[in-house]
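Below, each value reflects all heavy atoms present in this structure, side chains not excepted, and no hydrogens, waters or symmetry copies. Keep in mind that this is a model prediction, so the values were computed, not measured.
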Amino acid sequence: MRHCRLPAIVILIGLLTTPVYADAGSKAYKQGVRAEEKGNYDAAYNYFKQAHTLVPNNSKYFQAYTKARFAASAQHVHTGQLLLNTGALKDALVEFQRAADIDTSSFIAQQELRRTADMISRQERQRQGPKDDPPASKITDEIEPPLQLKPLSNAPISVYMTANADIVYKTIGKLAGFNVLVDPDYKPQKITIDLNNVTLRDALDMVRLESKTFWRPVLTNTIFVSADSAAKRKDLEQNVIKTFYLRNIENPTELQEAANVVRQMLDLTRVQLVQAQDALILRGTPDQMVLAERLLANFDKPKSEVVVDVTVMEVSKDKIRNLGTTLPTSFTVAAVPSNSVISSTTATASNSGNSGSSGNSGSSGSSSNSSGSNGSFTLNSIKHLNTGNFVFSVPSATFTFLASDSNTKILQNPELRVLNNEKATLRIGDRVPIATGSFQPGIVGGGAVSPLVSTQFQYLDVGVNIDITPHIHGNGEVTLKLALEISSVTGQSNIGGITQPIIGQRRIEHETRLTDGEVNLLGGILEDTETQSMSGYPWISKLPILKYLFAQDNKERQNNEIVFAITPHIVRSQDVTDDDTVTIEVGTGNLIELRRKSPAPKADHPAEPAKPQPAPAQPPASSAPAATLTVPPASPGEAKQ
């Protein structure tokens with residue numbers, strides 16, 4: 001007996017505790033609805049989250065929770081953007097962090113959070129002053145990175161000399177502490193160099209420009225100098241290869257577009273597409289690779305996205321008033337033979353039968369009985385007609401006192417998440433077949449004629465049809481190209497023996513530009529129909545009061561209104577940073593090269609100041625340590641030597 005009580009107690013506890021959790025979820029849900037109506041999306045999010053946690057299998061709670069999560073996150077993002085515009089970076093960072101915590105899938109919150117954090121860190125760096133650049137990332141132990149010139153000294157250089165270009169290169173190499181090799185095919189020309197307190201790279205660039213040569217590092221402390229020509233550059237210029245993996249490519253067309261960008265902008269001829277991995281393999285100079293990485297980073301950005309909240313509101317009102325009397329306007333008269341007429345007709349037929357042969361008496365009797373039983377008139381019975389043989393049928397009169405008032409509301413609130421410049425389509429309703437082609441009769445197997453021999457059918461979407469193509473701008477605005485339609489089957493029409501539906505539609509096509517979160521009413525489509533009719537006896541129906549006794553007044557008014565409300569919410573904006581808008585010097589029209597920053601002088605390797613001379617020709621212009629060399633113009637004889 002005790003063993004039987006234990007399962008019963010467990011079941012009873014389960015039955016008692018289940019309503020408790022259901023009531024707790026329902027209570028939280030109702031509180032969330034009230035908070036949402038007041039516009040307190042944070043509280044609504046917390047309540048809906050509590051209801052969903054208590055009853056996770058309830059689809060209504062889950063839908064309300066996800067909707068409130070999106071609304072609360074969007075509200076914090078909007079507040080953070082307003083604070084960001086006023087310069088309150090830390091307060092904006094708190095709002096963006098709160099939005100990202102509420103909805104971890106909100107790309108716009110993560111983008112704004114990252115951008116604000118970068119702005120704060122940039123301000124901190126500006127306050128603390130410049131620091132050394134972080135070390136470059138290692139590639140592999142087996143492959144060396146591209147060669148870079150590393151001179152012994154980065155002190156400013158002052159050179160005043162007139163000599164052949166190779167001598168000038170070697171002189172600068174002696175001052176900075178690196179070796180210079182010259183191409184045997186190069187015939188140096190005499191140049192005049194007058195450089196005062198310039199960096200090593202600037203000095204080399206000035207010599208290269210004036211002597212029409214180019215140089216490349218062959219070792220970390222050695223450069224190779226040659227004539228600047230297309231053939232020499234192809235033979236001697238340093239080349240590197242790199243693979244770029246693009247993360248936001250959606251189709252082969254975009255990958256091809258990325259390849260065309262680096263080809264046309266950087267004059268790269270060796271570009272290989274790897275469509276299976278959305279990758280580009282490039283080969284070119286180190287400067288071209290740096291610029292290619294920059295261009296592809298700007299190109300390979302996620303597309304902007306927007307959630308378009310569409311609200312379709314249709315209000316239909318129908319008022320009918322029917323007041324008055326329906327009187328008979330016609331009557332019928334029917335002739336009915338009486339018993340005297342039938343009996344006299346029978347007697348006449350019997351006398352005629354007796355005057356004939358006895359052989360026909362049986363048939364005459366049967367005929368008379370047949371005539372009498374049918375109750376039909378003969379020519380002999382017309383003279384016996386009187387007023388009792390006619391029946392008048394008059395319809396009854398009906399008094400109607402009726403008024404009806406119907407009010408119908410239809411509300412649809414779909415949400416569409418769309419990529420930038422992509423078309424989104426929503427269809428809610430039915431697909432109605434429409435016959436197309438030629439309607440030609442034909443004979444089917446049973447011999448019947450069918451008009452469907454050369455007829456094709458296509459299906460039309462009837463209901464709520466929405467087509468939206470957004471274009472998201474960088475300033476938080478969205479241009480929407482809209483096509484909104486509400487259609488329904490209003491009747492039938494017979495065409496060529498085929499019953500075709502008559503479709504009524506209300507359609508709006510336009511293009512508008514809205515800010516994030518702005519609600520736009522697309523203007524109601526209003527249809528107001530009023531019908532009034534009077535039926536009754538002529539002239540009397542015109543009298544003010546008697547018309548309701550001798551006529552019927554029908555009045556009907558239909559009012560249909562449709563309102564479209566469009567609200568865009570940007571969930572992923574265009575990710576443009578300050579580094580993406582920096583202007584970069586890339587060389588000349590025929591040569592792609594970067595202007596690199598010269599390294600700062602190292603404290604542990606200061607340049608030794610020049611030793612004092614007994615009678616210096618010119619005192620140093622600056623007290624800063626610098627390598628200075630002054631060579632007077634050489635005579636023609638010395639130049640030959």
Side-chain angles (χ1 to χ4, degrees), residues 36 41 44-45 48-49 52 59-78 80-81 96 98-115 247-251 254 300-313 411-429 461 463-486 508-522 564-576:
E36 189 178 23
Y41 294 107
Y45 163 73
F48 289 143
K49 182 179 180 181
H52 173 63
S59 60
K60 181 175 69 173
Y61 295 167
F62 176 73
Q63 181 181 4
Y65 162 65
T66 54
K67 185 177 180 181
R69 181 180 62 184
F70 174 78
S73 177
Q75 188 179 46
H76 282 286
V77 169
H78 182 66
Q81 290 173 344
F96 293 140
R98 175 60 178 162
D101 293 340
I102 292 176
D103 188 2
T104 56
S105 63
S106 176
F107 297 102
I108 185 67
Q110 296 174 2
Q111 287 179 358
E112 295 294 341
L113 178 64
R114 184 168 55 252
R115 185 164 70 98
R247 300 180 179 180
N248 300 292
I249 297 299
E250 297 182 0
N251 50 62
E254 294 183 357
D300 186 32
K301 290 182 178 293
K303 287 186 177 181
S304 304
E305 290 184 79
V306 62
V307 171
V308 182
D309 189 359
V310 183
T311 303
V312 182
M313 296 172 286
L411 176 63
Q412 294 180 349
N413 188 16
E415 290 185 353
L416 304 176
R417 182 163 180 167
V418 197
L419 288 173
N420 189 30
N421 297 325
E422 298 292 337
K423 182 179 179 181
T425 301
L426 177 64
R427 300 288 184 263
I428 302 175
D461 295 312
V464 178
N465 302 323
I466 301 175
D467 294 327
I468 298 179
T469 304
H471 178 74
I472 304 172
H473 303 276
N475 57 351
E477 295 184 350
V478 183
T479 296
L480 298 176
K481 186 176 181 182
L482 303 169
L484 306 177
E485 176 186 302
I486 292 182
I508 294 178
E509 289 188 15
H510 80 140
E511 190 170 345
T512 182
R513 182 165 179 168
L514 305 173
T515 59
D516 184 13
E518 180 182 357
V519 181
N520 181 34
L521 295 179
L522 300 183
F564 296 94
I566 306 296
T567 307
H569 300 283
I570 299 176
V571 296
R572 191 203 301 264
S573 62
Q574 189 177 9
D575 190 9
V576 179

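- Contact between Tyr45 and Ala72 at its shortest, heavy atoms only, is CB-CB, 4.2 Å.
- For the side-chain contact (heavy atoms from CB on, under 4.5 Å) test with Glu305, the passing option among Leu419, Asn420, Ile570 is Leu419; the others fail.
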Requested in this report: Give the C-alpha distance, both sets of side-chain angles, the deciding distance and a yes or no for side-chain contact (heavy atoms from CB on, under 4.5 Å) between Val310 and Ile566.
Outcome: CA-CA 5 Å; Val310 183; Ile566 306 296; 3.8 Å; yes
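- Under 4.0 Å is where a charged nitrogen must lie from a carboxylate oxygen, and between Lys303 and Glu422 at least one such pair does.
- Contact record, Ile249 with Asp300: N-OD1, 4.2 Å, taken as the closest heavy-atom pair.
- Rounded to the nearest 0.5 Å, atoms CG (Leu416) and NZ (Lys423) are 12.5 Å apart.
- Contact annotation: the side chain of Val464 never approaches that of Leu426 to less than 4.5 Å [non-hydrogen atoms, C-beta and beyond].
- Of all non-hydrogen atoms in Ala44 and Glu36, the two that sit nearest each other are CB-N, 3.9 Å.
- Between the side chain of Gln75 and the backbone N or O of Ala99, no donor-acceptor pair lies under 3.5 Å.
- Atom CG of Leu514 sits about 5.5 Å away from atom CG of Leu480, to the nearest 0.5 Å.
- Listed here is the closest heavy atom pair of Pro470 and Ile468: CD-O, 3.9 Å.
- Side-chain contact between Thr425 and Ile466: absent, with no pair of heavy atoms (C-beta onward) separated by less than 4.5 Å.
- In this structure, the side chains of His569 and Thr567 come closer than 4.5 Å at one or more pairs of heavy atoms.
- The six-membered or imidazole ring of His52 lies near that of Phe62, with a centre-to-centre distance under 6.0 Å.
- One finds the CG atom of Asn475 at 11.0 Å from the OG atom of Ser573 (value rounded to the nearest 0.5 Å).
- Residues Asn465 and Arg427 share a closest heavy-atom pair of OD1-CD, 3.0 Å.
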Query raised in the report: Does the side-chain contact (heavy atoms from CB on, under 4.5 Å) test come out yes or no for His76 and Phe96, once each step is laid out?
Result: CA-CA 6 Å; His76 282 286; Phe96 293 140; over 6 Å; no
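- Surrounding NE2 of His473 are more than 12 heavy atoms belonging to other residues, nucleotides or ligands, all under 6.0 Å away.
- The local environment of NZ in Lys301 is crowded, with over 12 non-hydrogen atoms from other residues, nucleotides or ligands closer than 6.0 Å.
- Minimum interatomic distance between Glu518 and Pro568 (heavy atoms only, all atoms of both residues): O-CD, 3.2 Å.
- For the atom pair NZ of Lys60 and CD of Gln63, the computed distance is 10.5 Å after rounding to the nearest 0.5 Å.
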